[in-house]
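A quick write-up on the structure given underneath.
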Amino acid sequence: MGVLYSQVADQLQALIQEGVYRQGDRLPGVRVLSRQFGVSISTVLQAHQTLEARGYLEARERSGYFVRLPVQDVPEPSMLKHRSRPVPVTAREMTLDLCADEQKRMVPLATAIPHPDYLPVRQIQQSTLWAARRGLETLDYAFPGKESFRRQIAQRMAAIGVPVTPDDILATNGAQEAIILALRAVTQPGDIVAVESPSFPGILQALEVVGLRVIEIPTHPSEGLSLEGLELALEQWPLKACVVVTNHSNPMGARMSDERKKQLVSMLAAADVPLIEDDIYGDLYHTGERPRPAKAFDRADNVIYCSSFSKTISPGLRLGWMIPGRHMASARQHKYFVNLATSSIPQLAVAHFLEQGGYDRYLRSARQHYREATERMRSAVARSFPEGTAVSRPQGGFVLWVQLPEGVSGTEVYQRARAENINVAPGLMFSTTNKFDNCLRLNGGNPWTGTIEKAVARLGALVHEEMGR
């Protein structure tokens, strides 16, 4: 069952969709609705704000809340059908530019970094202070990870269908290091690895660091990696690994169904090709229950599971973990050679935070925030961008993939937006080719402000202008 104000919002939305309240109608006052639903006035106000985010209400100063039906929905992006050949990976410098610029002066619509307002800042500060007082426990090399941290991770993994022991877990500096360690454990420089297309730039960068070649597999915006495309690649190329974000992929937000996850795991196990699973967004599902990872269906010890708390607790902690399975010895060796261990204090702090139950309480509100934020951003794109635009409908996380009308270059829009201090991520970053030049990724996980609203409207205007050229 969802948060109380969300339930009230859902009921009011149903009344609007059924025509009980029509476009332009004023909703009853908050006290009336408080009595009607048997909730507090503050709960009603939160429900109003939720419906504002979804595009169903608008607040008018000193007049109340009025029904505003959402703009006609936009379609989802199409899945590009393309044949790919293995190519070396070269990271684009614009990836670093986005991170540097965004922290300084630009409207933050580019990088997939959670906004501080949606992070458990006070709780993690308290847990960090607790950890810092642990004396000698904070001063040693925590290799392969603090026992208390690995124990908490083992408990959480068991809850999502992956029964492991603390000894099966290796603490890492974020999911990025976990993926690099996994790749080094199962490949050699020059090997071919399959990835989603479009793919998270961090995965492409990891492949470059290890010196691998990549073959891109088409990805559906809702269903995820094309199993048919992967099967064809397995037949044609000597793949050594496959890297997939099974839950709420970045940039499309796709979530593979359990059935497709089972097929993916089975297909790769039959071919003896390790699956490296990045589940960093798994906890940020928008509705329903926490989706299981592909690792939950692994019966051949062929899935290397990677994740972190960078999208939930704090990106700055740089705290992740991996379950290497039969590749543990190699992963531990590479970890030890690279940096010996992951910092002790973040591990102790997060273990304390998890043990106290604060993480799950925080996640309930964070998921609601991100659902509303992405819905609001999607609605704003539908209002501002021209006909022919397609926008993903993520089931979790907080990024949106925008496919621009035919003939419009996302790179041109990116460059013009940067000149106006608006930071977006151009589609070129998400592939080793130019096939996504007509796309953008937007960070939809920011609190809605007038600045954000104006920036999205300006992006839409820039796309209109590019169409006219």
Only counting residues at least two apart or in another chain, list the ones meeting ring pair (Phe, Tyr, Trp, His ring centres under 6.0 Å) with [X].
X: His286; value: none
X: Phe309; value: Trp321, Tyr359
X: Phe200; value: none

Residue pairs passing the salt bridge (Lys or Arg N to Asp or Glu O under 4.0 Å) test with at least one member in residues 253-267, sequence neighbours excluded, are Asp258-Arg292
Those residues at least two apart in sequence (or on a different chain) that pass side chain to side chain donor-acceptor pair (under 3.5 Å) with Asp10 are Arg54
Assess the side chains of [X] and [Y]: does a donor N or O sit below 3.5 Å from an acceptor N or O?
X: Arg383; Y: Ser379; result: yes
X: Ser197; Y: Glu216; result: yes
X: Asp437; Y: Ser409; result: yes
X: Thr342; Y: Gln347; result: no

Would Arg290 count as a cation-pi partner of Tyr285, with NZ or CZ less than 6.0 Å from the six-membered ring centre and within 45° of the ring normal? no
For a quick test of your reading: what N or O donor-acceptor pairs under 3.5 Å do the side chains of residues 183-190 make, sequence neighbours left out?
from	atom 1	to	atom 2	distance (Å)
Thr187	OG1	Leu183	O	2.5

Smallest heavy-atom separation, Met252 atom then Thr219 atom, equals SD-O, 3.7 Å
